[in-house]
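First listed ligand is number 1; within each ligand, the first listed atom is number 1.
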Amino acid sequence: MLNHECIKNALHWRYAAKQFDSEQKIAEEKIYQLMEMANLTATSMGLQPFRVLWIKNPRNLKDLGNATFYQKQISTCSDLIVLAARTDLDEDFVKEMIQLMEEERGLQKGDLQDYEQTCIKFLKGLKNSNELQHWVDKQIYIVLGTLLTACALMQIDSCPMEGFKKHDLDEILNLEKKNLRSVLLLPVGIRTEKDFLLHEKKVRIPLDEMLIELN
Ligand SMILES: Cc1cc2nc3c(=O)[nH]c(=O)nc-3n(C[C@H](O)[C@H](O)[C@H](O)COP(=O)(O)O)c2cc1C
């Protein structure tokens, strides 16, 4: 187990990089390990309504600059992770997930039938009240949190990003055809002294102001 000091140091070490060393590439194996962490993220009802795209050579993507407002962390990153929401969250989606749960846990087919109905009802309710997209986005922000912490612990630099033209990126990556839509970006790379933010102090409100302790 990692101790508290180790986790705290890693979270202090990480920062939202505005520029990476474009000459350096992160080992594929390390990014793959990061993807394993994304896969281990908790999601509401265990439904994992997302996909993670790993773009190994983002500089090959035409029009990516325009879709991301020419931000340097995109043009200099080693790899680009795109967190995308599934747009096909229908009954079949739930049935597939429940089947996987039954198989993985050595249950009989149908053992999770009640749970399946609960999930179907839950998603239908969200869809009817136009909250489905919001719910999926929330799940994806949890993935981002997992990845940010994992990056910190693995000494991979990153920048969480919601500032990009989602529709444009979806077109570039042909996401609609894959029943996906982009939600968040996580360019990763290796820090550079050229980044004006590298040595800036981390700004956080004091813990005793943030924390409200109740008995
Ligand atoms: C959900 C989310 C979206 C963000 N979007 C952007 C972005 O589009 N562009 C950017 O440069 N930074 C973005 N940031 C980075 C924040 O500005 C940064 O995390 C914050 O200022 C705290 O600094 P630190 O991460 O270096 O501690 C985003 C952060 C989060 C958590």
Student: Would you give the length of the straight line joining atom CE of Met97 to atom OH of Tyr115, rounded to the nearest 0.5 angstrom?
Tutor: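 It is 9.0 Å, given to the nearest 0.5 Å.
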
Student: Could you tell me the residue and atom name of the protein heavy atom closest to atom 8 (O) of ligand 1, and the distance to it rounded to 0.1 Å?
Tutor: Gly163 N, 2.9 Å

Student: Compute whether any side-chain donor of one residue and acceptor of the other, for Gln113 and Gln117, lie under 3.5 angstrom apart.
Tutor: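 Side-chain D/A pair, Gln113 to Gln117: absent.
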
Student: If the threshold is 4.0 Å, N to carboxylate O, is there a salt bridge linking Asp170 and Arg181?
Tutor: no

Student: Give, for atom CG of Asp63 and atom CG of Asp168, the distance between the pair rounded to the nearest 0.5 Å.
Tutor: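 Taking CG in Asp63 and CG in Asp168, the distance rounds to 8.5 Å.
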
Student: Mark up the atoms of ligand 1 that fall under 4.0 Å of a heavy atom belonging to Lys18, in ascending order.
Tutor: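 It comes down to these atoms of ligand 1: 10 (C), 11 (O), 12 (N).
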
Student: Check ligand 1 against Arg204 and write out every atom of the ligand that is under 4.0 Å from a heavy-atom position of the residue.
Tutor: 22 (C), 24 (P), 27 (O)

Student: To check your reading of the model: name the closest protein heavy atom to atom 25 (O) of ligand 1, its residue, and the distance in Å.
Tutor: Arg14 NH2, 2.7 Å

Student: If you have a sec, work out which protein heavy atom is nearest atom 3 (C) of ligand 1 and how many Å separate them, to one decimal?
Tutor: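 Of every protein heavy atom, Glu162 CG, 3.4 Å lies nearest to atom 3 (C) of ligand 1.
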
Student: Should Asp79 and Lys25 count as an ion pair when the cut-off is N to O under 4.0 Å?
Tutor: yes

Student: For atom 21 (O) of ligand 1, is there a protein heavy atom at a distance under 4.0 Å?
Tutor: no

Student: Atom CD of Gln19 and atom CD1 of Ile74: how far apart are they, to the nearest 0.5 Å?
Tutor: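 Separation between the atoms: 13.0 Å.
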
Student: Which ligand 1 atoms are under 4.0 Å away from a heavy-atom of Tyr15?
Tutor: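 In order of number, 26 (O).
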
Student: If you have a sec, work out which protein heavy atom is nearest atom 9 (N) of ligand 1 and how many Å separate them, to one decimal?
Tutor: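 Checked against all protein heavy atoms, atom 9 (N) of ligand 1 sits closest to Gln71 OE1, 3.4 Å.
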
Student: Please evaluate residues Leu61 and Ile55 with respect to the criterion side chain to side chain contact (heavy atoms under 4.5 Å, CB included), reporting the C-alpha separation (whole Å), side-chain torsions for both, the decisive distance (0.1 Å), and the verdict.
Tutor: CA-CA 9 Å; Leu61 274 187; Ile55 300 169; 3.9 Å; yes

Student: Nearest heavy atom to atom 29 (C) of ligand 1: which of Pro160, Pro187, Ala152 does it belong to?
Tutor: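 Looking at heavy atoms only, the winner is Pro160.
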
Student: If I apply the N/O under 3.5 Å rule, does Cys159 come out as touching ligand 1?
Tutor: no

Student: Considering non-hydrogen atoms of the protein only, which is the closest contact for atom 16 (C) of ligand 1, and what is the distance?
Tutor: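 Answer for atom 16 (C) of ligand 1: Ala16 CB, 4.3 Å.
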
Student: Just one of Lys121, Lys127, Lys124 clears the salt bridge (Lys or Arg N to Asp or Glu O under 4.0 Å) bar with Glu91, so which one?
Tutor: Lys124

Student: Tell me whether atom 14 (N) of ligand 1 lies less than 4.0 Å from at least one protein heavy-atom position.
Tutor: yes

Student: NZ of Lys109: more than 12 outside heavy atoms within 6.0 angstrom?
Tutor: no

Student: For Tyr141, is at least one N or O under 3.5 Å away from an N or O on ligand 1?
Tutor: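 In this structure, Tyr141 places no N or O atom under 3.5 Å from an N or O of ligand 1.
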
